[in-house]
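Side chains included, hydrogens not; waters and symmetry mates left out as well; all remaining heavy atoms used.
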Amino acid sequence: MRREGVMGAEAAKAAKPRLTPSEFQVLAQYLYEVSGIHLDPGKAYLVETRLGHMLEELGCASYSEFLYRLKQDRSKSLVHRFVDAMTTNETLFFRDTGPFDLLRYKLLPDLIDRKTSGAVGGLRPTIRIWSAACSFGQEVYSVAIVCHEVLQHAPGVSVKILGTDISSAAVGRASAGKYSAFEVERGLPPGIRDRYFQKVGHSTWKISDEIRAMCQFKKLNLLEPFGFLGRFDIVLCRNVAIYFKPEDRKNLYERLADSLEPWGALLIGASEFLTGVTQRFTARRHLRHVYYVRTDP
C-alpha cells in the first residue's frame with residue numbers, strides 16, 4: 001500500500017506540465033501585452049513556480065492550454081489572476097530609509113513653504129503624492145505616517161496620497177489596510193506600530209482611520225495613459241521600471257514628468273537611474289540620498 005502510494009505521488013509529480021521554450025516565449029509575450037512586464041528568457045523557472053498551482057486548479061495539461069484559456073476569458077478574471085501571480089508584491093514598511101528621510105527633512109518642508117507662501121485667500125493648500133506600483137500598501141501608509149507627523153507643525157496644509165498597482169489583489173489588500181503580525185514587524189518600529197495601528201483579532205493589525213483617510217487606491221497599468229490622475233507634487237516609482245523594456249522605461253519616465261508639478265520630485269529605486277534615459281529630470285542630493293526634480297516648464 002505504501003509503495004503504491006509513493007508511486008502514485010511520483011506519477012502525479014511527473015505528470016505536472018513542463019514549460020517548453022516556445023510556450024515560454026508566447027506566454028511571456030502575452031504577459032507583456034497585458035501588463036508591460038518583460039520576462040528574460042532565463043525566467044522559465046519563475047513562470048512554472050508561480051503558475052503551476054493555477055494549471056493544476058484549472059486542469060490544464062500544458063501551458064499552451066492555459067494560454068488558450070487566458071485568451072478565451074471574456075470576463076478577464078483569469079487574466080487578472082495571471083497578472084497577480086506574475087507580479088512581485090514583496091514589500092515592507094519604510095523599505096529603504098532614504099526616501100522617507102527625504103520626505104521628512106527635505107521634500108515636505110520645502111513643499112509646505114512653497115504651498116503656504118503661494119496660498120490664495122482662505123484656500124487650504126494640498127500636497128498630492130502618488131505611489132506607483134504600491135503593492136499591498138506598505139509604502140503608501142509609510143508615506144502617510146511621515147506626512148502626518150510633519151504636517152502636525154503645518155496645520156494649514158493637507159495631503160492626499162494615491163496608491164496604484166496593476167494587481168487587483170494587491171489593491172484590494174492595500175485598501176483594507178490589514179496586515180499580519182509578521183508584516184507589521186518588517187521595517188515598522190514598535191512605537192510606530194502601537195501609535196498608528198490597532199490590533200484586530202489574534203494576529204492582525206489594521207491601519208488607523210486617521211492614516212487611512214489620507215490615502216486612496218486604484219488599479220492601474222503604468223503602460224496605459226494616466227494623465228487623468230492629475231498633477232502631483234511627489235511621485236514614488238521605485239523598483240518598477242526595471243521590469244520594463246528600455247523603450248517602455250523611457251516612455252514611463254517621460255509621462256511621469258508630465259504628471260508632476262513644475263519642480264515636482266520623483267523618487268526611484270536605489271539601484272535605478274535616469275542618466276541616458278530621459279532629460280526631463282535633474283538629479284538632486286540631500287542627506288546622501290538622491291531624488292529627481294522635473295526641470296522643464
Side-chain angles (χ1 to χ4, degrees), residues 31-38 76 79-80 83-84 87 89 99 102-103 107-108 110-111 114-115 118-120 123-135 137 139-140 143-144 147 157-172 174-175 214-269 272-284 291-297:
L31 177 64
Y32 173 73
E33 291 173 0
V34 298
S35 71
I37 296 173
H38 173 65
K76 300 300 180 183
V79 176
H80 292 161
V83 174
D84 288 347
T87 51
N89 290 309
L102 283 170
L103 284 171
L107 301 181
L108 287 174
D110 285 357
L111 275 170
R114 187 178 298 123
K115 296 277 186 177
V120 179
L123 294 177
R124 187 183 187 190
T126 299
I127 294 173
R128 298 193 72 219
I129 301 175
W130 176 19
S131 169
C134 68
S135 186
E139 179 173 86
V140 172
V143 169
C147 290
V157 181
S158 64
V159 63
K160 293 183 178 180
I161 305 167
L162 173 66
T164 65
D165 199 277
I166 192 173
S167 167
S168 301
V171 170
S175 184
M214 300 166 63
C215 310
Q216 181 184 12
F217 296 92
K218 292 180 181 292
K219 183 179 183 296
L220 180 74
N221 185 338
L222 288 174
L223 290 189
E224 297 176 355
F226 49 70
F228 64 90
L229 296 176
R231 291 283 189 93
F232 297 89
D233 299 292
I234 301 171
V235 172
L236 297 93
C237 189
R238 302 195 295 153
N239 306 311
V240 179
I242 55 176
Y243 298 104
F244 291 173
K245 293 181 178 180
E247 59 268 28
D248 293 327
R249 189 178 306 136
K250 174 181 173 60
N251 180 265
L252 172 62
Y253 287 133
E254 296 282 350
R255 291 184 296 124
L256 286 176
D258 293 334
S259 292
L260 278 166
E261 296 284 1
W263 297 98
L266 172 67
L267 303 180
I268 60 178
E272 297 178 291
F273 57 89
L274 297 185
T275 304
V277 179
T278 176
Q279 299 181 348
R280 302 284 302 278
F281 295 94
T282 298
R284 297 287 177 84
Y291 65 101
Y292 294 85
V293 173
R294 174 186 166 179
T295 54
D296 56 344

Please determine whether side chain to side chain contact (heavy atoms under 4.5 Å, CB included) holds for the pair T164 and F226, giving the CA-CA distance in whole Å, both sets of side-chain angles, and the decisive distance to 0.1 Å. CA-CA 11 Å; T164 65; F226 49 70; over 6 Å; no

Pick one: which of V293, L111, D110 meets side-chain contact (heavy atoms from CB on, under 4.5 Å) with W263?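 Only match with W263 under side-chain contact (heavy atoms from CB on, under 4.5 Å): V293.
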
Among V143, L220, L266, which residue meets the side-chain contact (heavy atoms from CB on, under 4.5 Å) test with W130? L220

Drop me the distance from [X]'s [atom1] to [Y]'s [atom2], to the nearest 0.5 angstrom.
X	Y	atom1	atom2	result
Q216	L229	CD	CG	9.0 Å
L107	L267	CG	CG	6.0 Å
L162	C215	CG	SG	9.5 Å
I161	F232	CD1	CZ	11.0 Å

Over all atoms of both residues, closest heavy-atom pair of [X] and [Y]:
X	Y	answer
F217	C134	CD2-SG, 3.9 Å
V140	G163	CG2-CA, 3.8 Å
I166	V34	CD1-O, 4.1 Å
S135	A174	O-CB, 3.9 Å
S167	D84	OG-OD1, 2.6 Å
A144	M214	O-CE, 3.5 Å

Side chain to side chain donor-acceptor pair (under 3.5 Å) with D248: which of Y32, Y253, Y243? Y32

When you measure from the side chain of [X] to the backbone of [Y], do you find a donor-acceptor pair of N or O atoms at a distance under 3.5 Å?
X	Y	value
K115	T126	yes
S35	L31	yes
E272	N239	yes
D165	V171	no
R294	L260	yes
R284	Y291	no
R255	K250	no
D233	R128	yes

Worked verdict on I129 versus L236 for side chain to side chain contact (heavy atoms under 4.5 Å, CB included): CA-CA 8 Å; I129 301 175; L236 297 93; 3.6 Å; yes

Does Q279 CD have over 12 foreign heavy atoms under 6.0 Å away? no

Verify the neighbour count for atom NZ of K218: are there more than 12 heavy atoms of other residues, nucleotides or ligands below 6.0 Å?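 No, the 6.0 Å shell around NZ holds no more than 12 heavy atoms from other groups.
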
Axial cation check for F244 ring with R249, 6.0 Å and 45° limits: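 No, R249 and F244 do not form such a contact.
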
Evaluate side chain to side chain contact (heavy atoms under 4.5 Å, CB included) for Y292 paired with T282, printing each intermediate quantity in order. CA-CA 5 Å; Y292 294 85; T282 298; over 6 Å; no

So, do L108 and V159 sit near enough that their side-chain heavy atoms are less than 4.5 Å apart? no

Any side-chain heavy atom of P246 within less than 4.5 Å of one from V277? no

So does R238 pair up with E139, basic N to acidic O under 4.0 Å? yes

Would you call R280 and D258 a salt bridge, taking side-chain N to carboxylate O under 4.0 Å as the test? yes

Hey, mind stepping through C147 and L103 against side chain to side chain contact (heavy atoms under 4.5 Å, CB included) and telling me if it holds? CA-CA 8 Å; C147 290; L103 284 171; 5.7 Å; no

